[in-house]
> 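Take this structure, written in structure tokens, and hold onto it; I'll ask about it next.
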Amino acid sequence: MTVESTAARTSRRSAGSKAGTTGTKRTTRTTAKKDADAAKGTEPQLVQLLTPEGKRVKNAEYDKYVAGVTPEELRGLYRDMVLTRRFDAEATALQRQGELGLWASLLGQEAAQIGSGRATREDDYVFPTYREHGVAWCRGVDPTNLLGMFRGVNNGGWDPNSNNFQLYTIVIGSQTLHATGYAMGVAKDGADSAVIAYFGDGASSQGDVAESFTFSAVYNAPVVFFCQNNQWAISEPTEKQSRVPIYQRAQGFGFPGVRVDGNDVLGVLAVTRWALERARSGEGPTLVEAFTYRMGAHTTSDDPSRYRGDEERQAWEAKDPILRLRRYLEASNHADEGFFAELEAESEALGKRVREAVRAMPDPDHFAIFENVYADGHALVDEERAQFAAYQASFADEGGN
């Protein structure tokens with residue numbers, strides 16, 4: 001980023017003042033334009049190892065982090081993405097059928113999650129938001145355990161310490177503080193493990209995230225901040241959230257940031273490995289911006305057609321992360337039709353298992369929410385409970401008629 005020095009700006013302002021009022025106004029306008037251009041930063045640098053057409057791109061800085069990836073591991077990455085997408089589609093369908101109260105789809109973000117998830121070591125600790133279904137898959141969390149909370153029958157569904165994968169966090173951005181504190185503890189313990197915190201482009205505007213950046217930089221915490229920039233914070237586009245690319249924000253806090261093609265699973269794997277190695281070796285935090293796209297709704301309660309056009313989605317569908325890796329596998333003769341057919345069968349089996357598991361779960365207690373507001377009860381809550389009970393009873397009456 002090129003920024004004018006204070007002395008240069010002072011010199012130009014002085015020259016403008018000598019030229020009279022007109023010169024001062026012109027100089028002010030020019031300065032404002034230069035400052036605005038400077039704020040925009042340089043053209044963002046995007047790390048990409050695999051093009052949308054499935055062609056391998058050489059990268060002198062990051063190739064070494066994936067140099068040992070075997071054809072079998074590439075097929076494994078592809079399998080991870082396919083099965084994660086299948087699980088996600090099944091969960092969306094179950095919500096539409098009334099089996100889940102809500103669902104946050106990861107459609108389009110599979111490479112960002114699988115690439116980063118597979119970059120972690122077993123002793124690393126992960127702090128997710130509520131959309132990291134692919135990362136959960138990589139950490140060994142059973143997909144059916146993700147659904148209890150969305151059905152309303154538990155508060156998480158798994159033991160975080162069994163997989164070093166924290167429970168989903170609904171409060172936007174707060175998990176970055178948790179991750180920073182945990183990473184500071186890791187450093188004090190003298191461990192060589194790292195911590196990774198996931199959040200979205202919208203959460204990057206939260207004060208919690210800025211505080212996390214400050215603390216992690218000052219205390220040199222071994223944490224990787226992984227931002228999935230899927231272009232939309234519900235209905236708010238990225239350009240209305242930041243005047244500079246998100247990864248460049250790290251500069252102001254004193255640690256490096258990098259933008260990677262979030263639809264390139266190989267590129268994400270390489271960049272995340274690099275960032276985690278920095279953390280483990282005592283070099284402090286890193287901000288990784290995975291530049292990707294949310295192809296579905298923010299959650300199943302959202303209607304994206306109200307704020308974005310079909311042509312935008314179509315442009316990103318051409319960069320589909322799964323299709324991209326398949327093209328590479330086929331062109332490199334690393335996978336045959338038998339592999340894809342077996343994976344399709346496995347995908348369908350996973351969908352069936354998820355359906356059966358969710359339908360076997362108990363129905364949520366519709367009135368539990370009223371019992372946990374006040375310890376000693378409250379007149380307004382009692383009134384609301386009675387209204388809700390009458391509403392529920394109305395369905396039974398209609399069914400009897």
> Does any donor atom in the side chain of Glu132 or Thr129 lie under 3.5 Å from an acceptor atom in the other side chain?
yes
> Taking the six-membered ring of Tyr328, is NZ or CZ of Arg56 closer than 6.0 Å to its centre and within 45° of its axis?
no
> Do the side chain of Trp158 and the main chain of Phe165 share a donor and acceptor less than 3.5 angstrom apart?
yes
> For the residue pair Phe388 and His366, categorise the inter-ring angle as parallel (less than 30°), tilted (30 to 60°) or perpendicular (more than 60°).
perpendicular
> With sequence neighbours left out, what residues match Met149 under side chain to side chain contact (heavy atoms under 4.5 Å, CB included)?
Asn154, Tyr168, Ile170
> Relative to each other, are the rings of Tyr219 and Phe215 parallel, tilted or perpendicular (30° and 60° limits)?
parallel
> Between Glu90 and Arg355, is there a side-chain N and carboxylate O pair less than 4.0 Å apart?
yes
> What pairs of donor and acceptor atoms, side-chain ones from residues 273-280 against any protein atom, are under 3.5 angstrom apart with sequence neighbours left out?
from   : atom 1 : to     : atom 2 : distance (Å)
Arg273 : NH1    : Tyr65  : O      : 2.7
Arg278 : NH1    : Pro285 : O      : 3.1
Arg278 : NH1    : Thr286 : OG1    : 2.7
Arg278 : NH2    : Glu283 : O      : 3.0
Arg280 : NE     : Asp124 : OD1    : 3.4
Arg280 : NH2    : Asp124 : OD2    : 2.6

> Could you give the side-chain donor-acceptor pairs of residues 184-199 under 3.5 Å, partners two or more places apart or in another chain?
from   : atom 1 : to     : atom 2 : distance (Å)
Asp192 : OD1    : Arg121 : NH2    : 3.2
Tyr198 : OH     : Ser116 : OG     : 2.7

> Please confirm whether the backbone N or O of Phe127 pairs with a side-chain atom of Gln166, one donor and one acceptor, at under 3.5 Å?
no
> Give a yes or no on whether the backbone of Leu329 and the side-chain of Ser332 come within a donor-acceptor separation of less than 3.5 Å.
no
> Just by distance, with hydrogens left out, do Arg151 and Gln95 show a side-chain donor and acceptor under 3.5 Å apart?
no
> Is a side-chain N or O of Asp80 found less than 3.5 angstrom from the main chain of Ile114, in a donor-acceptor match?
no
> Under a 3.5 Å distance rule, please check whether His133 uses its side chain to pair with a backbone N or O of Ala104 as donor and acceptor.
yes
> Do Gln231 and Asp201 get their side chains close enough for a donor-acceptor pair, meaning under 3.5 Å?
no
